[in-house]
Student: 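Mind looking over this structure? Questions follow.
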Amino acid sequence: MAAYGDRRMLSGMRVDIPHPRVAIDPDTGERYLPVPLRGTALLKTPTLNKGTAFSRREREEFDLVGMLPDHVSPIEEQLDRVANQIHYKVSDMDKNIYLNGLMDRNETLFYRFLIGNLEAMVPLIYTPTVATSCRHWSRIYRRARGVYVTPRDRGRIIDVLRCRPRAAKPIIVVTDNERILGIGDQGAGGMGIPIGKLALYAAAAGIHPTRCIPISLDVGTNNAELLADPLYVGYRQQRLRGEEYDDFIAEFVAAVQAVFPGALLHWEDFSNRTSFENLSLYRDSVLSFNDDIQGTAAMVVAGLMAATRHIGSKIADQRIVIVGAGSAGVGIRDQIATAMVDEGASRVDAEARIMTLDSRGLIVEGRPNLSRGKAQLALSLEAVKNWQIEDHPIGLLDVVRNARASVLIGVSGVPGVFTEEMIRRMALHAARPIIMPLSNPTSHAEVTPASAIEWTDGRAIVATGSPFPDVQYDDRVHRIGQANNVFIFPGIGLGVLTVGARRISDRMFLAGSKALAGAVTAEQVESGQLYPSISDVRATSAEVAKAVANQAVAEGLAAPVDNIEARIEEDMWYPEYLPYRAV
Ligand code: NAD
């Protein structure tokens, strides 16, 4: 007999009751939910539980009498209660645990609270707090959420996925946990990322929580601390590598297509190597994208569009230096080149205006031991032949000086690499230097906004990866826009799923960037902000979704759909308690 878990087939039967669809009473026009659950089962289903908000009629009809305190609370009262409880949590981690608990009890209330308090809550449910949550996952673990797939499931991943409740047009956020944010291999703790990202899909783009499927490919961990931790909840083995890993991913992707046809597969926080490999293997055959590479790039391009529009210039006129040639840097370079071509530049001219550096300096033709991937980013020798170079290999200061950089983008993860000398140099030839220290967390930023603004005599336009406070310089207050991917990926998801796109093209990302840049007002850019306020993210996501969906149809990647704009608005779920009727 096979040992438990050794590829024994699961029943493969769906065991769920599908989430009820909103119905409309033909006589009164009232919208309601036909609900098949009763009593405790209803109270324990987070997508349906209303807690103290169940009306007296519902309490009678659904066998809830005696299971709730007497008073019927409207949602506003429940929201006050949540605010009160959050207030008494001391640390951000306590608040994160509380909010996740609320999500597990009552998703309508959780999302309503989140949407009403985005600015304060997004940092608690996602970066930076989610990093701590992933790190301590095995210690704070409370309740199952999402799907864990391990090497024990090889040969039966399709059955594992079938155990998950069905959903129409789902979004899957998947990670293999190897490179979680800036904190590396977190093993099973990486699950905090898909859960957090999907909470943002639901809040920012109205993707109903039942359509959100977090998946951790728990292929083991090379994090020695976790392997030695008696409380570690994950698959306690070294990481699967090589052919075995590739086969595992291939089986997973095939299972997703079989079990969730038409799903959007969002790759997140894979290692640098596997993120590019998976993306290039599957981006043309599966509706999928990698947010670290493509979402980040689309968001940076949107910021550049807003900044250059404000200073009366074009992206194609800039001389752009990208510091860091990992997932973010490579994606940013490609998408900036696409944006320049869209503005009329040739691909060759566009690529010659973008200089990329890694930890060994400028990536330039002829640099020894350039990998195949990096060779594609290399600046030509011709472009540097007249440069006055002080350092070998060519360092950042040399690049800024010789290229007369007007845009500096930091995705190196290294704090402080944008020095005073570099930024003062930039300010000599750029009237409005555009400076984006995007590395997270806050302590890893390549420069602080306050320094960048001071060293350019208040002329720099700054956007950061982590939230930074406003900067007062002379008589002006500079607002610091946060280049948060939440402005892009939820809208992409909403757009592609609304029209049923087959895949996501670079031009669809470009359309998303234009829509995002269009959502930033002249006043916001004037005050220094390159991105909208997070409190406006739902309206922004709707605009991004419309642009992406229209582009998909224009490129023939989705069948034409009548009135895309209205369909997108209709597809956006807003958390509210509808009356329930028993079925
Ligand atoms: P990564 O590990 O894939 O890449 C980091 C790159 O930086 C590597 O190419 C490395 O060689 C290079 N590097 C290291 N030291 C350097 C130095 N001194 N000078 C120049 N290059 C150097 O990581 P990633 O996914 O590309 O992310 C990089 C950073 O960008 C992280 O801190 C991440 O938090 C941040 N990021 C921010 C956003 C955002 O703001 N929305 C999005 C994505 C990534």
Side-chain angles (χ1 to χ4, degrees), residues 122-123 126-128 130-131 134 175 178-185 193 197 200 267-277 279 289-304 321-335 355-364 367 369-371 373-374 376-377 391 393-400 408-419 422 435-447 449 462-468 480-490 513 516 530-531 534:
V122 169
Y126 204 66
T127 52
V130 73
C134 290
T175 182
E178 186 163 7
R179 208 223 31 176
I180 295 301
L181 303 165
I183 57 170
D185 184 346
I193 297 296
K197 275 243 140 120
L200 297 180
W267 304 93
E268 185 77 32
D269 285 3
F270 284 67
S271 76
N272 196 324
R273 186 181 59 77
T274 51
S275 57
F276 283 106
E277 282 176 5
L279 184 62
F289 75 103
N290 181 305
D291 190 51
D292 306 305
I293 301 171
Q294 297 163 290
T296 304
M299 205 246 336
V300 169
V301 166
L304 292 180
V321 177
I322 301 172
V323 186
S327 313
V330 172
I332 291 168
R333 177 187 179 274
D334 277 358
Q335 199 58 13
M355 283 128 280
T356 314
L357 292 90
D358 63 10
S359 54
R360 295 192 295 133
L362 179 67
I363 302 175
V364 59
R367 200 181 84 177
N369 305 322
L370 268 189
S371 66
K374 291 222 174 134
Q376 289 172 4
L377 315 176
D391 281 334
I394 304 172
L396 180 54
L397 182 57
D398 277 335
V399 176
V400 168
L408 197 49
I409 299 170
V411 277
S412 63
V414 183
V417 290
F418 296 172
T419 62
M422 284 168 200
I435 302 176
M436 295 186 167
L438 297 183
S439 288
N440 298 310
T442 316
S443 58
H444 287 219
E446 282 80 3
V447 66
V462 184
T464 53
S466 300
F468 273 89
I480 308 302
Q482 192 195 347
N484 192 325
N485 291 23
V486 73
F487 291 117
I488 277 285
F489 70 80
S513 299
L516 174 54
L530 294 186
Y531 297 95
I534 195 117

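One-based numbering, in listed order, for ligands and for the atoms of each.
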Student: If you have a sec, work out which protein heavy atom is nearest atom 29 (C) of ligand 1 and how many Å separate them, to one decimal?
Tutor: S439 OG, 3.5 Å
Student: Would you say ligand 1 has an N or O under 3.5 Å from any N or O of D292?
Tutor: no
Student: Tell me, which protein residue and heavy-atom name are nearest atom 4 (O) of ligand 1, and how many Å apart are they?
Tutor: G326 CA, 3.2 Å
Student: Which atoms of ligand 1 are found less than 4.0 Å from any heavy atom of S327?
Tutor: 3 (O), 25 (O), 26 (O)
Student: Would you name the heavy atoms of R179 and S271 that are closest together and state the gap between them?
Tutor: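 Here R179 and S271 meet closest at CB-CA, 4.0 Å.
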Student: How close does the nearest protein non-hydrogen atom get to atom 12 (C) of ligand 1, and which residue and atom is it?
Tutor: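 Result: G324 CA, 3.8 Å.
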Student: To which protein heavy atom is atom 21 (N) of ligand 1 closest, and what is the distance rounded to 0.1 Å?
Tutor: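 Result: D358 C, 3.2 Å.
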Student: Within the 3.5 Å criterion, strictly below it, is a donor on S439 or E446 matched to an acceptor on the partner's side chain?
Tutor: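 Side-chain D/A pair, S439 to E446: present.
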Student: Could you check whether any side-chain heavy atom of V417 comes within less than 4.5 Å of a side-chain heavy atom of P437, counting everything from C-beta outward?
Tutor: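 No, their side chains stay 4.5 Å or more apart.
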Student: Less than 4.0 angstrom from a charged side-chain N to a carboxylate O is my criterion; do D269 and K197 meet it?
Tutor: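 Salt bridge: no.
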Student: If we ignore hydrogens and angles and just use 3.5 Å, is the side chain of S275 paired with the main-chain N or O of N272 as donor and acceptor?
Tutor: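 Yes, S275 side chain to N272 backbone: donor-acceptor pair under 3.5 Å.
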Student: Please name the pair of heavy atoms, one in V300 and one in Y531, separated by the smallest distance, quoted to 0.1 Å.
Tutor: CA-OH, 3.7 Å
Student: Which residue supplies the protein heavy atom nearest to atom 27 (O) of ligand 1, what is that atom called, and how far is it?
Tutor: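 Scanning the protein heavy atoms, the shortest distance from atom 27 (O) of ligand 1 goes to A328 CB, 4.1 Å.
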Student: Check whether any side-chain N or O of T296 sits under 3.5 Å from a backbone N or O of D291 as a donor-acceptor pair, and report yes or no.
Tutor: yes
Student: Under 3.5 Å between some N or O of ligand 1 and some N or O of V417?
Tutor: no
Student: Of the backbone atoms (N, CA, C, O) and the side-chain heavy atoms from C-beta on, which set of T296 has a member under 4.0 Å from an atom of ligand 1: side chain, backbone, both, or neither?
Tutor: side chain
Student: Pick whichever of V330, D291, N272 has a heavy atom sitting closest to atom 3 (O) of ligand 1.
Tutor: N272
Student: Just to confirm my output: which protein heavy-atom neighbour is closest to atom 39 (C) of ligand 1, and how far is it?
Tutor: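 Nearest protein contact, heavy atoms only, for atom 39 (C) of ligand 1 is A483 O, 3.4 Å.
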Student: Under 4.0 Å from a heavy atom of V323: which atoms of ligand 1 are those, numbered in the order shown and with their elements?
Tutor: 19 (N), 20 (C)
Student: Please name the pair of heavy atoms, one in H444 and one in N440, separated by the smallest distance, quoted to 0.1 Å.
Tutor: CB-O, 3.6 Å
Student: Give the numbers and elements of all ligand 1 atoms closer than 4.0 Å to a heavy atom of G465.
Tutor: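 What qualifies from ligand 1 is 40 (O).
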Student: Judged on heavy-atom distance to atom 28 (C) of ligand 1, which of V411, L438, V414 sits nearest?
Tutor: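 Looking at heavy atoms only, the winner is V411.
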Student: Tell me, which protein residue and heavy-atom name are nearest atom 33 (C) of ligand 1, and how many Å apart are they?
Tutor: N440 N, 4.0 Å
Student: Is the shortest N/O to N/O distance between G410 and ligand 1 below 3.5 Å?
Tutor: no
Student: Which heavy atom of the protein is the closest neighbour of atom 2 (O) of ligand 1, given with residue, atom name and distance?
Tutor: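 Going atom by atom, the protein heavy atom closest to atom 2 (O) of ligand 1 ends up being R179 NH1, 4.2 Å.
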Student: Which heavy-atom pair separates R367 from G361 by the least distance, and what is that distance?
Tutor: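 Here R367 and G361 meet closest at NH1-O, 3.1 Å.
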Student: Grab the two heavy atoms, one from D358 and one from A325, that are nearest each other, plus how far apart they are.
Tutor: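 Where D358 meets A325 most closely, the heavy atoms are CB-CB, 4.0 Å.
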Student: When you compare the side chain of V411 with that of I332, does any pair of heavy atoms fall below 4.5 Å?
Tutor: yes
Student: Going by the closest heavy atom to atom 7 (O) of ligand 1, which one wins out of S412, A131, G361, S359?
Tutor: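 Nearest option to atom 7 (O) of ligand 1, by heavy atoms: S412.
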Student: Looking at ligand 1, would M299 count as a contact under a 4.0 Å heavy-atom criterion?
Tutor: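 Heavy atoms of M299 do come under 4.0 Å of ligand 1.
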Student: Of the side chain and backbone of R360, name the one, both, or neither that has a heavy atom under 4.0 Å from an atom of ligand 1.
Tutor: neither
Student: Just wondering, do Y126 and N484 contact through their side chains at under 4.5 Å, heavy atoms?
Tutor: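 No - every pair of side-chain heavy atoms lies 4.5 Å or more apart.
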